[in-house]
Amino acid sequence: MKYDISILITTYNDNDLLDLLLKNISQLNLRNYKTELIILDAGEYTKKRVLQNLDRKFIDFIFLSKKNLGREKSLNVIFNLAKGRYLIRLDARTKICKDYVLRLVDLLKSHDVVCAGGMLKSIGKSSYQKRVASIMNHPFSFGFAPFRISKELTYVNSVYLGAYDKKKCEILLNGEKWFEENYPVISEDSELNYRLIKEGGKIICDPLLEVQHYPRESIKKYKDLCINYGKARAYFLIKHKKFSAPRQLVAILLPPLLICISFFSLNISIILFTFYFFISLIYSKPYKTNIKETFLIILGVLIGHASWIYGLYITLIKEIFMTFFKKILKLF
């Protein structure tokens, strides 16, 4: 059976959040579209729990349980299984409005694009999660990424999850897998979107369409996430020999630049760090009435940047060493 829309979800150990997402999906306005929902869980979630939380009035669903299957492989399984023309990717930490899916489909229909997405905004439940959300919403945290800060409909390099025109994408991918599986961790959506753009595809972001995201529940988990982001960017660089955005080049060059400058002039390093702090401060407008919260947000931005850089450098050094070591072994 063919469908108009396939909603695709991979999840692992986010059971309570997946419950909320399924209730969220049950409220979507999909009456005039044939829609299927495909869920692949790599943890302990059950089909019985899906039935308890999903209103299946206008949605057919498939539930797959594949314990400990990696995210990229899980995504390839459900994207290949999907029978819809428009593929809507969600994850358990997503919260969307009732017309989110239809507005994405309208964007795909009305513009010559392969992918469409909305404006990403992090939200929280607990006080700690709300603080992490505030850090992630800070424009400087992710280098002023367009799908986080744009004020008008614009073409972008990538979006958060988003929707894909399956027919157009398959033509551009020309038999390649949807998601890269050959690296232990990689920014799967960014990497896919890079390949689509490289082959002539376009991606659009609508700032009036908000997609909300529940971030990690503590600063420690956020730090670990940023380390993984750095590792993912390193593997992207290893595969494609370039960054997907200029801001990433600035991030990789900054640490050695600061170290070199420190040898010659500590004062210049202090000036640069003060400039960094000033940028963080001027974009902390929502928190300026609370000095303590402003400081914690700026500190969180710094922790995120430092963790990203650490993850990137440690991965590049490891891979360079392993490549060199393998070449040495071949000599014997």
Side-chain angles (χ1 to χ4, degrees), residues 9-24 41-45 49 68 70-72 74 90-96 119-145 147-149 160-161 184-190 210-235 248 251 255 276-277 279-281 283-315:
I9 303 170
T10 59
T11 182
Y12 177 71
N13 288 346
D14 279 323
N15 296 348
D16 292 340
L17 289 172
L18 183 54
D19 287 344
L20 292 176
L21 177 61
L22 291 175
K23 292 174 182 177
N24 195 184
D41 178 71
E44 303 296 330
Y45 208 81
R49 198 159 171 174
N68 300 316
R71 182 167 54 187
E72 290 78 15
S74 296
L90 300 174
D91 70 26
R93 291 180 175 269
T94 308
K95 183 179 179 182
I96 54 177
M119 185 63 57
L120 174 59
K121 181 181 179 181
S122 295
I123 58 174
K125 294 183 176 181
S126 68
S127 58
Y128 290 108
Q129 192 177 45
K130 287 178 181 178
R131 182 168 293 148
V132 174
S134 295
I135 294 168
M136 296 188 75
N137 288 332
H138 194 293
F140 196 30
S141 277
F142 294 94
F144 304 96
F147 67 90
R148 293 176 180 271
I149 65 167
Y160 172 66
L161 303 182
V185 59
I186 197 165
S187 182
E188 73 282 348
D189 46 358
S190 176
E210 186 175 275
V211 51
Q212 297 179 333
H213 168 258
Y214 291 104
R216 295 303 184 266
E217 289 77 13
S218 68
I219 294 296
K220 182 183 182 303
K221 290 181 178 180
Y222 173 65
K223 172 185 69 76
D224 294 339
L225 177 69
C226 288
I227 290 174
N228 282 334
Y229 282 163
K231 291 179 179 179
R233 193 51 53 187
Y235 285 116
Q248 295 155 4
Y276 173 94
F277 179 84
I279 293 177
S280 297
L281 181 62
Y283 283 99
S284 299
K285 293 177 183 178
Y287 325 108
K288 65 182 180 181
T289 56
N290 187 326
I291 296 176
K292 178 183 176 182
E293 194 64 23
T294 299
F295 173 77
L296 291 173
I297 298 302
I298 292 174
L299 181 61
V301 172
L302 176 60
I303 290 171
H305 286 170
S307 300
W308 187 91
I309 291 169
Y310 170 79
L312 184 139
Y313 268 95
I314 203 71
T315 304

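Residue indices begin at 1 and follow the sequence shown.
Closest approach of Met136 and Ser122 over heavy atoms only: CB-OG, 3.7 Å. Listed here is the closest heavy atom pair of Glu217 and Tyr128: O-CB, 3.5 Å. Smallest separation of non-hydrogen atoms from Arg216 and Tyr222: CB-N, 3.9 Å. Leu120 and Tyr160 get closest at one heavy-atom pair: CD1-CD2, 3.5 Å. Of all non-hydrogen atoms in Thr94 and Val211, the two that sit nearest each other are CG2-CG2, 3.7 Å.
Put simply, the side chain of Tyr229 does not reach to within 4.5 Å of the side chain of Leu312, judged on heavy atoms. The side-chain heavy atoms of Ser187 and Arg233, taken from C-beta on, include a pair separated by under 4.5 Å.
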ask   = Does the pair Leu302 and Ile298 meet the rule for a side-chain contact (heavy atoms from CB on, under 4.5 Å), with working shown?
value = CA-CA 6 Å; Leu302 176 60; Ile298 292 174; 5.8 Å; no

request  = Run the numbers on Leu20 and Lys125 for side-chain contact (heavy atoms from CB on, under 4.5 Å), then give the verdict.
outcome  = CA-CA 13 Å; Leu20 292 176; Lys125 294 183 176 181; 2.8 Å; yes

ask   = For Asp189 and Arg71, what are the C-alpha separation, side-chain angles and deciding distance, and is it a salt bridge (Lys or Arg N to Asp or Glu O under 4.0 Å)?
value = CA-CA 11 Å; Asp189 46 358; Arg71 182 167 54 187; over 6 Å; no

task = Apply the test side-chain contact (heavy atoms from CB on, under 4.5 Å) to residues Thr11 and Asp91: give CA-CA distance (whole Å), side-chain angles for both, the deciding distance (0.1 Å), then the verdict.
result = CA-CA 6 Å; Thr11 182; Asp91 70 26; over 6 Å; no

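Ion pairing of Lys23 with Asp19 is absent here, as no side-chain N (NZ or NE/NH1/NH2) approaches a carboxylate O to less than 4.0 Å.
Note that the NZ atom of Lys221 and the CG atom of Leu225 stand 11.5 Å from one another [nearest 0.5 Å]. Note that the CZ atom of Phe140 and the CD1 atom of Ile149 stand 12.0 Å from one another [nearest 0.5 Å]. Put simply, CG on Leu18 and CG on Asn13 are 11.5 Å apart, with the number rounded to the nearest 0.5 Å. With rounding to the nearest 0.5 Å, the separation of NZ in Lys220 from OG in Ser307 is 10.5 Å. Rounding to the nearest 0.5 Å places CD1 of Ile186 at 7.5 Å from CD of Glu72. Distance OG1/Thr315 to CD1/Ile227: 9.5 Å, rounded to 0.5 Å.
Within a 6.0 Å sphere centred on CZ of Phe295, heavy atoms belonging to other residues, nucleotides or ligands number 12 at most.
The backbone N or O of Lys121 sits nowhere less than 3.5 Å from a side-chain atom of Asn137 that would complete a donor-acceptor pair. In this structure, the side chain of Gln129 engages the main chain of Pro215 through a donor-acceptor pair within 3.5 Å. Of the possible polar contacts, one joining the Arg93 side chain to the Tyr214 backbone as a donor-acceptor pair under 3.5 Å is found. Ser141 places a side-chain N or O within donor-acceptor distance of the main-chain N or O of Ile135, the cut-off being under 3.5 Å.
If you run side chain to side chain contact (heavy atoms under 4.5 Å, CB included) between Leu299 and each of Val301, Ile297, Ile303, only Ile303 comes through.
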